[in-house]
Amino acid sequence: MTEVNLFETVKRHVCACALDLKLSSNIEAVLKMPMQELHVSIPIRMDDGAVRVFQGYRIQYNDARGPTKGGIRFHPDVTVEEVRALAALMTWKCALYRLPLGGAKGGVICNPKELSAGELERLSRSFVQKIAHFIGPDRDISAPDVGTNAQTMSWMMDEYSKVMGKTSFGVITGKPLSIGGSEGREDATARGGWYVIGEAAKDLGIPLKGATVAIQGFGKVGENAAVLAHPLSESRVIAVSDSGGGVLNRDGLDIQKLSEHKKKTGSIKNSGLGADITNKQLLGLDVDILIPAALENAISMDNADTVKARLIAEFGNGPITAEADNHLNAKGIPIIPDLLCNAGGVIVSYFEMVQNLNMDHWGRDVVHSRLNMHMTETYHTVFEMATSNNISLRRAAYSHAMEHMVEAMKIRGWI
Ligand code: NAD
């Protein structure tokens, strides 16, 4: 397996766009470095009485366009470079969609599956105690990512409130409805992705009714992508996978039964709903739409040649390495890039912030229609830019985001 560093990939995309936009080397240098980083050690008393020290990071990449915003990842493979890359991606994503926010990301090196509920709660609370003076509702706002969820977010919001001496819903989004969460946040990333696929399919001439879909990852994003596939597009999910392996049924998978199986057993393995396949096989299936919704670098030069999908929609962050991206572009496979495709989560998180600030509550239909409007409008801007300049959607999306970033940095007198 070729080791690829996501931060290097992100910086390569920035360099390419800096050339396109004729940005000065000073501006490029600012865009390629995070603004500030906090590295913390978190000692936790485990259930057996032993003390384990976990490593955590919070990285604020660039706040030219507003307070920084980004999820917190709990995963054994978290590295500081990965968190930097994800913080940069959040910055471009918020800029692309013109949200009044910068980008950030957090991560703790741990395996949440191996921690008891008590250990997970102590780790979530202690991490927030360590970073409390670095974050805040008008400074840096967190959200769930891989390995974290509405429960972890609730503990973190509660701990931050204790440190600050007042209830502070606005420091975290992705909270449950009872403590200031927004309707429609749970499936927002997947829903937003399907809204964009709907528009792209029209432009690319791919009929969605009956289209075959393969999804890598069956977590918060991948599972919702599977659940929403038919209601939003009349397409048919024939394969999904998680970290334990995949399942294929060419007649279409029964997603409800698969979700029930996962709820009971913790994974999609041995569901009996189709044939077992590996993750590698899933990525190489001859399908209309391939949705990588797991971890980064899933498609690299090790397997890019095997990809046969007609369209790839990056619901996950950074699933394709820079070399594989070039290779797939040369093969003529269109890719809807992460910053364009999976922004639904941060857009509804932004809606959650707006509702919290106004002590308001929007209905689900309002959230869906506003999300649809944001995703559709921005998709068309990027598509037109890509078509008129004969560049990929990724290059157009990056360039558009960079333009918004540079405009803000210039007017603030940074450059
Ligand atoms: P999650 O922890 O809920 O789910 C991750 C899923 O990926 C799990 O099903 C896991 O088993 C699977 N997985 C892990 N390694 C795998 C492998 N090698 N092969 C196949 N599957 C594997 O995380 P999530 O929130 O669903 O995030 C998924 C991706 O989407 C990440 O890249 C994340 O940064 C991105 N993302 C998430 C959100 C959000 O709102 N949660 C928003 C934007 C982007």
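Start at 1 and go down the list; that is how both ligands and their atoms are numbered. All residue numbers in this chain count up from 1 along the given sequence.
- Residue pairs meeting the salt bridge (Lys or Arg N to Asp or Glu O under 4.0 Å) criterion with at least one member in residues 363-376, sequence neighbours excluded, are E183-R364.
- For E352 and K175, the salt-bridge test passes: some basic side-chain N is under 4.0 Å from an acidic carboxylate O.
- Electrostatic pairing of D47 and R122 counts as a salt bridge here, judged by a charged N lying under 4.0 Å from a carboxylate O.
- Taking a heavy-atom cut-off of under 4.0 Å, ligand 1 is surrounded by R73, D145, V146, G147, R185, T189, Q216, G217, F218, G219, K220, V221, S241, D242, S243, N279, A293, A294, L295, F315, G316, N317, N342.
- Taking the six-membered ring where the residue is Trp, Y57 and H39 present perpendicular rings, their angle passing 60° and hence far from 30°.
- Contact of the S161 side chain with the M157 side chain is registered, since non-hydrogen atoms from C-beta on lie closer than 4.5 Å.
- Side-chain rings of Y97 and W92 stay apart, their centers remaining 6.0 Å or farther from each other.
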